[in-house]
Amino acid sequence: MKASITEHSPEISIIALEGRMDAGNAGEFDEAFGAVLENKPACLVINLGGLEYISSAGLRSVLTLIKKAKAGGTALKFCAMQPMVTEVFKVSGFSAMLSIFDTLDAALAAKG
């Protein structure tokens with residue numbers, strides 16, 4: 001898995017994920033969002049357009065991100081999920097507790 005961090009604006013950071021997120025590399029995502037959250041952005045967008053697969057270890061990392069972002073006052077938005085990732089988020093109940101958008105542009109345009 002590859003995690004790329006960009007700043008869309010001073011208030012909005014984006015982490016784009018590519019490949020597969022599993023027990024062997026979920027720590028890379030933890031490091032990426034940890035580095036971003038240190039800067040206390042108002043919003044963090046997780047672009048999952050390049051993520052082909054996510055395991056339970058990946059879901060644990062997402063849950064950790066949710067808790068840390070909430071504690072730090074950072075809004076979270078997820079976008080551009082591939083069908084398999086969408087299904088995993090639905091089955092696990094994550095889609096019910098997250099702000100999910102079809103595209104990166106939609107996530108960036110949404111208020112909050």
Show me the donor-acceptor pairs, under 3.5 Å and distance only, between side chains in residues 38-51 and residues at least two apart or in other chains.
| from | atom 1 | to | atom 2 | distance (Å) |
| --- | --- | --- | --- | --- |
| Asn47 | OD1 | Gly49 | N | 2.9 |

Tell me if a side-chain donor or acceptor on Lys77 pairs with a main-chain N or O of Ala107 at a distance below 3.5 Å. yes
Note to self: Donor-acceptor check, side chain of Ser13 to backbone of Val36, threshold 3.5 angstrom: yes or no?
What the structure shows: no
Sub-4.5 Å side-chain heavy-atom contact between Leu37 and Leu65 = yes
Using modelled atom types and a 3.5 Å cut-off, is there a donor and acceptor pairing between side-chain atoms of Thr6 and backbone atoms of His8? no
Subject >> Full working for side-chain contact (heavy atoms from CB on, under 4.5 Å) between Ile54 and Asp22 >> reply: CA-CA 6 Å; Ile54 187 167; Asp22 55 31; over 6 Å; no
Taking every heavy atom of Leu104 against every heavy atom of Cys79, the minimum-distance pair comes out as CA-SG, 3.6 Å
Just wondering, do Val88 and Tyr53 contact through their side chains at under 4.5 Å, heavy atoms?
no
Would you call Met1 and Glu28 a side-chain contact if the rule is heavy atoms closer than 4.5 Å? yes
Scanning both residues in full, the closest heavy-atom pair of Ser55 with Ala23 reads OG-N, 3.8 Å
| task | Let me see the working for Leu98 and Ile66 under side-chain contact (heavy atoms from CB on, under 4.5 Å), right down to the final yes or no. | result | CA-CA 9 Å; Leu98 299 173; Ile66 293 166; 3.4 Å; yes
* **N/O donor-acceptor pair under 3.5 Å between Ser95 side chain and Lys90 backbone** => yes
message: Test side-chain contact (heavy atoms from CB on, under 4.5 Å) on Met21 and Ser61; report intermediate values, then the result.
response: CA-CA 10 Å; Met21 184 182 212; Ser61 287; 4.1 Å; yes
message = Is there a side-chain contact between Leu59 and Phe94 in this structure, where contact means two heavy atoms from C-beta onward sitting under 4.5 Å apart?
response = yes
Exercise. So do Leu108 and Phe101 actually touch side chain to side chain, heavy atoms under 4.5 Å?
Worked result: no
Side chains of Ile12 and Glu7 in contact at under 4.5 Å (non-hydrogen atoms):
no
